[in-house]
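Here the structure is laid out as structure tokens; the discussion comes afterwards.
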Amino acid sequence: MEKFRELVRTPWRIAAVALLGALLVTTIYRAATQAISHDEGVMFEWFQAGPWSQLFGSEFGNHHPLTVLFSRISIGIFGLSEFSQRLPSVVGGALYFYAIFRICAFLLGEGALFLLGVALLSLNPFLLDYLCLARGYSLGLAFFLYAMYQLMRYLSATRGAEHPNRLLNKAGLAVGLSVGCNVIMIFPAGALALAFFAILITEWMLAKPAPVESAAAAEERRKRKKERKRKARSAAGVDGARSAWQAMIHLAVPAFVVAGIIVTLPRKLVYLEEGYLGPPSLFAILEGIVRPSLLHSSRGILGMAALVSPDLLVRMVTYFVAPVVLLGLVMSTVAIFHEWARGRSFDALPETDRVLLLLGATMPAALLMIVASRYFFAQPYPEMRTVLYWIPLFGLASLALVKKLLAGSRAQQIGAAPAIALMVLCVAQFATQFNTRYFAEWAYCAATKDMMEVIRAQHAAKPDARVRVGASWEFEPGVNFYRAMWQLRWMDPVFRESPDADYDYYLLLRDDMSLVERRRLKLLLKDELSRSALAKAGG
């Protein structure tokens, strides 16, 4: 009851809890009702449709090992369905909402900026897609932010005085689980750990030696030895936990153990399609998440983007706003470090400055790791969902910078106004793109379940008939998922073959729609959103 009162002790907190509660409900609804996407169907075929040995012994790359395991357990308990396969991701969504609530409360207080921060980090429609999708992005991102929250607490003014080791152990476990749920999280999670280590080592190097104790002070200390014995023992524990090297061990050991065990289980960890090159530049990486975040609607709804050219809006955010935020973060980090190096104690730094130091080291380190993986290990740049973590990172950096400006001079406070206005506009644009029917990256799969239900209903009139289904290759994993889910033994499996052959039913995308006229098929269902159709032979 006490924790509930803490959650709703101010109107701003009540509003944030209501927003996140509503988003969690819609996440559960989407997980239970939305048609299975292409990649979810692929994961089912590769790792979950066969024996348990398939889970880690598949010839295909399993870079979401822990998530696939959780989904397999969920399917074993509840039976195969969209929701059972997505249940681990829904749990990840709940943890993500919890983490951003705690981080925003820690960083921004309990006023209007706190609510704006929660909305900015939770309403992004592209991110919301992956909080219920049966892949490792939800849990990976949630554990990463949870680890960041624990490290923020450790670096705070209280320095986690009650249970410092516990904070570090939680952060280490969360870092390991983040990488175990999705190997792509090694970039932000590794960068976060390196940034934390850098802060601890810098603090150790800049620490001033303790003053020599005078004889009189030593005598006084001996007289009060018995009284201070218990406090000295407690203080020794805290000082030990705050030791740079001990703290690094408390974080690194659980992170390496958990991540190391999980990522070595699959027979093959990474699978890249032949010829895949990835985005050509770092700006192209950013554009891959900016566009679906601001222009998410598959129905062509532009929202506030209709006031300007949508392409111009995307370019402005990609090539101007994001670099300005990153530059502002780096400059603030350098200024804070300079003040720190000139003799100011780390413990005397405001909470906002400590968060900026952590973010200001994490984000550049993650970028450097991505570039290094390309030039030293010949890995393509990641894109779209594989860089989803940049959405909350840029959001948190923007919020921390605004918080610092608001705590500064009158001129700085005025300078924060345009940034706040941009964030409000961004939240408003997110709201116009909200949906509960499709995933932007796989909008063409939105009607797969509806089409399969039509085939199922028609077959009920002739239950002894065998059915052959031809489909555009993008539908193959989803069709086979529903064939397994509904146990349609009367239906032949679907393969990645051309639909231009003799079948009983045809699931077609736009590129194959000409088959309706050419083969004189009977159109049974046409979905404008997914631009797909179901047709039947003998029309």
Side-chain angles (χ1 to χ4, degrees), residues 63 103 120-121 124 126-127 130 137 140-141 143-145 147-148 151-152 171 175 178-179 182-202 255 259 270 272 276-293 314-337 353-401 404 419:
H63 56 287
I103 289 174
L120 183 69
L121 297 175
N124 185 303
F126 186 59
L127 186 147
Y130 292 95
Y137 303 102
L141 189 58
F143 281 126
F144 167 68
L145 288 176
M148 180 176 284
L151 295 183
M152 286 180 180
V175 165
S178 177
V179 176
N182 190 341
V183 175
I184 200 68
M185 294 302 295
I186 194 170
F187 294 117
L192 177 65
L194 290 175
F196 179 70
F197 295 162
I199 290 173
L200 292 181
I201 292 172
T202 303
V270 178
L272 294 176
Y276 175 75
L277 299 176
S281 68
L282 295 177
F283 281 116
I285 294 176
L286 278 177
E287 186 171 350
I289 55 175
V290 170
R291 186 174 295 276
S293 295
V314 170
R315 287 196 296 269
M316 285 178 59
V317 174
T318 301
Y319 295 98
F320 177 72
V321 176
V324 166
V325 171
L326 188 59
L327 179 62
L329 178 65
V330 171
M331 291 176 62
S332 295
T333 303
V334 170
I336 295 167
F337 177 78
D353 286 2
R354 301 170 197 227
V355 173
L356 283 169
L357 279 175
L358 187 61
L359 289 170
T362 298
M363 292 175 67
L367 275 177
L368 288 175
M369 290 173 69
I370 290 173
V371 173
S373 72
R374 179 183 177 95
Y375 289 98
F376 292 105
F377 301 101
Q379 294 296 309
Y381 279 145
E383 64 178 332
M384 296 191 74
R385 60 188 182 275
T386 57
V387 288
L388 200 67
Y389 50 86
W390 285 111
I391 294 175
L393 281 177
F394 270 104
L396 285 172
S398 302
L399 291 164
L401 289 170
K404 184 171 179 62

When rounded to the nearest 0.5 angstrom, what is the spacing between [atom1] in [X] and [atom2] in [Y]?
X	Y	atom1	atom2	answer
Met331	Leu356	CE	CG	13.0 Å
Phe196	Thr362	CZ	OG1	11.0 Å
Leu121	Ile391	CG	CD1	10.5 Å
Ile370	Tyr381	CD1	OH	8.5 Å
Ser178	Tyr389	OG	OH	10.5 Å
Arg385	Asn182	CZ	CG	9.5 Å

Apply side-chain contact (heavy atoms from CB on, under 4.5 Å) to Phe143 and Val179, showing your working. CA-CA 9 Å; Phe143 281 126; Val179 176; over 6 Å; no
Minimal non-hydrogen separation, [X] against [Y], with atom names:
X	Y	result
Pro292	Glu287	CD-O, 4.1 Å
Pro279	Glu383	CG-CB, 3.3 Å
Met384	Gly288	CG-O, 3.6 Å
Leu151	Ala171	CD2-CB, 3.7 Å
Leu357	Thr333	CD2-CG2, 3.8 Å
Ala191	Ala365	CB-CB, 3.8 Å

Step by step, work out the side-chain contact (heavy atoms from CB on, under 4.5 Å) result for Thr202 and Phe337. CA-CA 9 Å; Thr202 303; Phe337 177 78; 3.4 Å; yes
Stepwise side-chain contact (heavy atoms from CB on, under 4.5 Å) check, Leu396 with Leu145: CA-CA 11 Å; Leu396 285 172; Leu145 288 176; 4.2 Å; yes
Quick test of your reading: applying salt bridge (charged side-chain N to carboxylate O under 4.0 Å, His left out), list the pairs with at least one residue in residues 361-372, sequence neighbours left out, ordered by first then second residue.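 Salt bridge (charged side-chain N to carboxylate O under 4.0 Å, His left out) check on residues 361-372 returns no pairs.
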Take atom CD1 in Ile186; do more than 12 heavy atoms of anything else shown fall under 6.0 Å from it?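 No, because the 6.0 Å sphere around CD1 of Ile186 holds 12 heavy atoms or fewer from other groups.
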Run the side-chain contact (heavy atoms from CB on, under 4.5 Å) test on Phe144 and Met148 for me, step by step, so that the C-alpha distance in whole Å, both residues' side-chain angles and the decisive distance to 0.1 Å come before the verdict. CA-CA 6 Å; Phe144 167 68; Met148 180 176 284; 3.8 Å; yes
In the structure I gave you, are the side-chain heavy atoms of [X] and [Y] within less than 4.5 Å of one another anywhere?
X	Y	result
Trp390	Leu393	yes
Leu141	Tyr130	no
Phe187	Leu367	no
Asn124	Pro392	no
Val371	Leu282	yes
Val387	Ile184	no

Donor-acceptor check, side chain of Ser332 to backbone of Leu329, threshold 3.5 angstrom: yes or no?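 It does not hold such a pair.
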Between side-chain atoms of residues 320-328 and protein atoms elsewhere (two or more places apart, or another chain), which donor-acceptor pairs fall under 3.5 Å?
none

